[in-house]
Novice: 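Quick one: structure below, then a few questions.
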Amino acid sequence: MYCTVLVSSRSLRIGDGLTYVTDDEAIVPGILVEVPLRGKATEGIVIDVTNEAPAADFEMQKITKVISAEPLFTIAQMKTLRWMAEHYCCTLRQALTAFLPAPPWRLLFKERKMKKEKVREKSDVKHDDSFFLEAALKILGDKRPALVLGSRQQRMSVYLSLIERTMKQGQQSILLQPDILLAEDALSALSKVASPNQIAIFHSGLSDTVRRTLWKRIRTGEVAVIIGTRSALFAPCKNLGLLIVDEEHEWTYKSEQAPRYHARETAEALAAASKAKLVCGSLAPSLESWKQVKNESWQLVQLPSPQQSPRVRVVDLGHVQFGSLYPFSPPLLEALRDRIAKKEQSVLFLNRRGTASALLCLECRRRVVSQASQLPFAVHRGPNGKPILVDHATGTVSAVPAVCPSCKSPRLHPVGAGTQSTEETLHSLFPKANILRADSDTLTTAGDFGHMLKLLEAKQVDILIGTLSVRRALTVPSVTFAAVLLADIGLSLPHFRAGEQSFQMLASIADWSRQSPQNEAMIQTYRPDAPEVQRAVKLEVTEYLDEELKVRETFRYPPVTQMIRFIVRGEKAAERAKMLERELQSIAKKIKLTVTTSAAPTLSGGGKTWHVLMRGTDLSSIILHIQRDEETLIDVDPAEYV
C-alpha cells in the first residue's frame, strides 16, 4: 500500500505530505507512524492510503513503525482538515497545527498516572425559563444551523438547555468564546448543568503538557463540555453533538497566522461533517451570518428584548468648542464628575489606538471618500511632513483638498485621538482620580487585563480608558457610566467592515445601559445621524443589518463577494506586489472571471509590507494558476487590510 504522510517537519515544500510504502494492512488514515526523513526517524500522520502506485521515478521508503493503535482523528475531523487546507489556501501540515498539541505527538499515547476521581453530580440549579427552553427545542427541531439573537445572559440560558440535552444523549459539546475572560465567565455558568470534572477549558495559552492532558481526557469522553477560545474548536471529540460559537461577530475568531482560518466558518464545516448541531449567537451578528439567515440556509431564533429602553445620550461634537480639552465635551465632563462624587466608576472607549484616521467635513458631516473604493481616505504624513490621503484598499494617494468635495466648505477636520494623549488630558482634569489606561502598550501579558478587572472590582479605579478590549469591564457592577469618546474613529476607518464593527460596539454598550437603572451610556460623534449611531442607540439590530447588506450588494463587498489578501513581504515588496496584481488580472481575463484587484502598502509596514487584494467570486480557481514565493502569504476573508 502507498501512504501519504504528514511529517512533523514544517517545511512548506513537503507541507502536503510525502509518500511511503507499507505492507501493513491495518494502517488507516489518522494513524501515527514513524518514517525515515533525511536519514532520521521522524513522526508522521497518515492522511491517505491507496493501492494505486503514484507516478514517481524514485524509490519510495517504507514506514518503519506504527506508534498509535488507533487514528488520532475522527473521519469528521479529517474531512475538516482537508476543507481548511483547500478553503484557506494553506498546506495540510499547516492546517494540522490547529488540531494537535506540538510534537512529539507520541506523548499523546503515554499512560497518565492520575488518581481516579469520583464523578460528581451536577448542582441542582433551575436555569430554564420556559421561553428559553422553548427556544432550545426550536433549535433542536430544525436541521439547519441556528443564529440566536439576544443579550448575552439570554443566549447563555438557551445554551445551557442545549448542552444539558446533548449530555443526556451521551454526546459532547463545544462552546466557543472570543477571549479567555468570557470563557472563564461561561465556565461559571456551566456549573448549573455539569459537574466540574465534566468540563474543560481549552485555549492556546495552555502549556503543551496541560494541553496534552486535556486532549487525552476529551478524546476518551471523560470531558462532556469543552469551553474555550477558537482553538477549542479542534478538541478531539469522538462524539460531537453540539457546537456553539458565541459572540460570533467578534474578529478574534479569525486567526492571523497560518492556518488563517475563521472559527465560525470552520465550525460550520466541522458540524456538517460530524452531523452535530451548530449554533451561533450574538446581540449584533456579522453580515456573513445574517446573509445565511436571509438565504434561509440558517434558522433565526430571536430572543425577546427586555422592557427597559437603552439609556444612551448622543453628543454632537460639531457644536462643541473644546479648546485644549479635546475630546472631552462639557456633558461628558459633568457625567465623570458626578460618578467620581458618587464613588462609582466610569469606562471610556476609543475605537483604536493612534492618531487621525479620516478627514471629516464639519459642515455637511461627510468624510472625504476615495472614488476608487468608496471607502474613507486615511490621513497620513507624507515624506515632507505634510498630510496626505491614502486609500488602503486600492493604494490611491491624494493631496488633502482645500475644500470639502461634497459641499465646498473649508471646514475639514482630521478625526482621531490616541489613548495616551487622552489619558494625559484626563489626569489634568481630574488630578485626584485614579485613572487606568488599557491598550496594547499597557496590556502586554494575558493576565494584565484580569488584574485591571480586579482593581475595578476593588474600587481602586475611578476611570478606565482604553480600546475595544475594555468592554469586559462593563461586567463590573460598580461601573455605572460608559462613553465612546469618538465614534467617528471606528466609523471612518478605511475598511468596508468599519460601519458594521462600529455598530456592534455601540449596540453592546446600548444593551449594557438597559441592564441596570444606574447604568448610563454616552456616544460622542461628529455624525449623530449616521445609521450606525441611530440604529445602535435604539437597538434596531435587524434593521441595520438589512440596510448594510444592501450597501454591500451595491458595491460588491463581502459577504456578497469573496475577498482574498496576499501579504507581500521581504525584498522588493512593492515591485513584487504590483507584479502579482498584474498576474492576477491576466489569469482572471483568461478564465473569464470578473474580479477587482489592487496593490497598496500596509498602514504599519513602513512601506516594506504590501497587500494585494482580490475581490470577486470563485477566487480559488485563480489561485490554482499562480506561482507564489514563501514570503507571499494568503489570507482568505481578511479581518484587516490597512
Side-chain angles (χ1 to χ4, degrees), residues 1-87 90-112 170-172 212 215-222 234-241 259 266 269-276:
M1 293 193 303
Y2 301 91
C3 300
T4 303
V5 179
L6 292 179
V7 295
S8 55
S9 168
R10 291 196 178 191
S11 172
L12 290 177
R13 290 176 294 176
I14 55 175
D16 286 324
L18 296 171
T19 302
Y20 292 85
V21 295
T22 182
D23 54 7
D24 188 345
E25 295 185 356
I27 291 181
V28 295
I31 289 287
L32 181 62
V33 296
E34 187 180 278
V35 295
L37 179 66
R38 301 187 186 100
K40 294 182 179 180
T42 305
E43 286 184 328
I45 297 172
V46 177
I47 61 161
D48 193 30
V49 177
T50 180
N51 290 315
E52 186 176 340
D57 57 359
F58 55 87
E59 184 179 351
M60 283 174 284
Q61 299 187 77
K62 292 183 178 181
I63 292 175
T64 54
K65 184 189 295 185
V66 174
I67 299 174
S68 63
E70 58 179 313
L72 278 74
F73 301 106
T74 63
I75 294 174
Q77 289 167 335
M78 190 67 77
K79 286 181 179 178
T80 307
L81 172 71
R82 291 184 178 280
W83 176 88
M84 286 177 66
E86 180 179 350
H87 184 77
C90 64
T91 67
L92 289 165
R93 178 64 181 87
Q94 286 173 324
L96 183 68
T97 61
F99 285 83
L100 292 177
W105 295 317
R106 68 185 66 215
L107 294 178
L108 295 171
F109 295 94
K110 285 190 173 181
E111 289 295 323
R112 287 185 298 138
Q171 293 181 299
Q172 293 168 296
R212 289 187 191 106
W215 192 92
K216 296 172 189 175
R217 292 184 60 217
I218 294 167
R219 192 167 183 266
T220 58
E222 184 181 335
F234 305 102
C237 297
K238 282 189 171 182
N239 192 13
L240 183 63
T266 310
L270 177 60
S274 306
K275 293 182 172 54

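Keep in mind that this is a model prediction, so the values were computed, not measured.
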Novice: Are Thr42 and Ser8 close enough that some pair of their side-chain heavy atoms sits under 4.5 Å apart?
Specialist: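 Yes, their side chains come closer than 4.5 Å.
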Novice: Would you check, one step at a time, whether the test side chain to side chain contact (heavy atoms under 4.5 Å, CB included) holds for Glu34 with Arg106?
Specialist: CA-CA 10 Å; Glu34 187 180 278; Arg106 68 185 66 215; 3.3 Å; yes
Novice: Determine whether Leu37 and Ser9 satisfy the following criterion, side chain to side chain contact (heavy atoms under 4.5 Å, CB included), listing intermediate values before the conclusion.
Specialist: CA-CA 9 Å; Leu37 179 66; Ser9 168; 4.3 Å; yes
Novice: Do any N or O atoms from the side chain of Arg93 and from the backbone of Val7 form a donor-acceptor pair under 3.5 angstrom?
Specialist: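 Between the backbone of Val7 and the side chain of Arg93 there is a qualifying donor-acceptor contact (under 3.5 Å).
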Novice: Are there more than 12 heavy atoms of other residues, nucleotides or ligands under 6.0 Å from atom CG of Leu12?
Specialist: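 For Leu12, atom CG is crowded (more than 12 foreign heavy atoms under 6.0 Å).
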Novice: Do Asp48 and Cys3 have side chains that get closer than 4.5 Å, going by heavy atoms?
Specialist: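 Contact flag for Asp48/Cys3 side chains = no.
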Novice: Within the 4.5 Å heavy-atom criterion, are Ile27 and Ile63 side-chain neighbours or not?
Specialist: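 They are in contact (side-chain heavy atoms under 4.5 Å apart), so the answer is yes.
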Novice: So, does Thr91 use its side chain to make a donor-acceptor pair with the main chain of Gln94 at under 3.5 Å?
Specialist: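 It does hold such a pair.
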Novice: Within this structure, what is the CE-OH distance for the pair Met1 and Tyr20, rounded to the nearest 0.5 Å?
Specialist: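 Here the interatomic distance stands at 16.0 Å.
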Novice: Is the closest side-chain heavy-atom distance between Ile45 and Leu96 below 4.5 Å?
Specialist: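 SC-SC contact between Ile45 and Leu96 confirmed.
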Novice: Please check: side-chain N/O of Thr220 versus main-chain N/O of Arg217, any donor-acceptor pairing under 3.5 Å?
Specialist: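 Indeed, once roles are kept as given, a pair shorter than 3.5 Å links the two residues.
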Novice: Report yes or no: does Gln77 contribute a side-chain atom to a donor-acceptor pair with the main-chain N or O of Thr74 at less than 3.5 Å?
Specialist: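 Yes; judged by distance alone, with no hydrogens or angles, the pair exists.
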Novice: When you measure from the side chain of Tyr2 to the backbone of Thr22, do you find a donor-acceptor pair of N or O atoms at a distance under 3.5 Å?
Specialist: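 The answer is no, because no donor-acceptor pair under 3.5 Å joins these two groups.
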Novice: Judged by atom type as modelled, is there a donor-acceptor pair below 3.5 Å linking the side chain of Gln172 to the main-chain atoms of Lys238?
Specialist: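 Yes, Gln172 side chain to Lys238 backbone: donor-acceptor pair under 3.5 Å.
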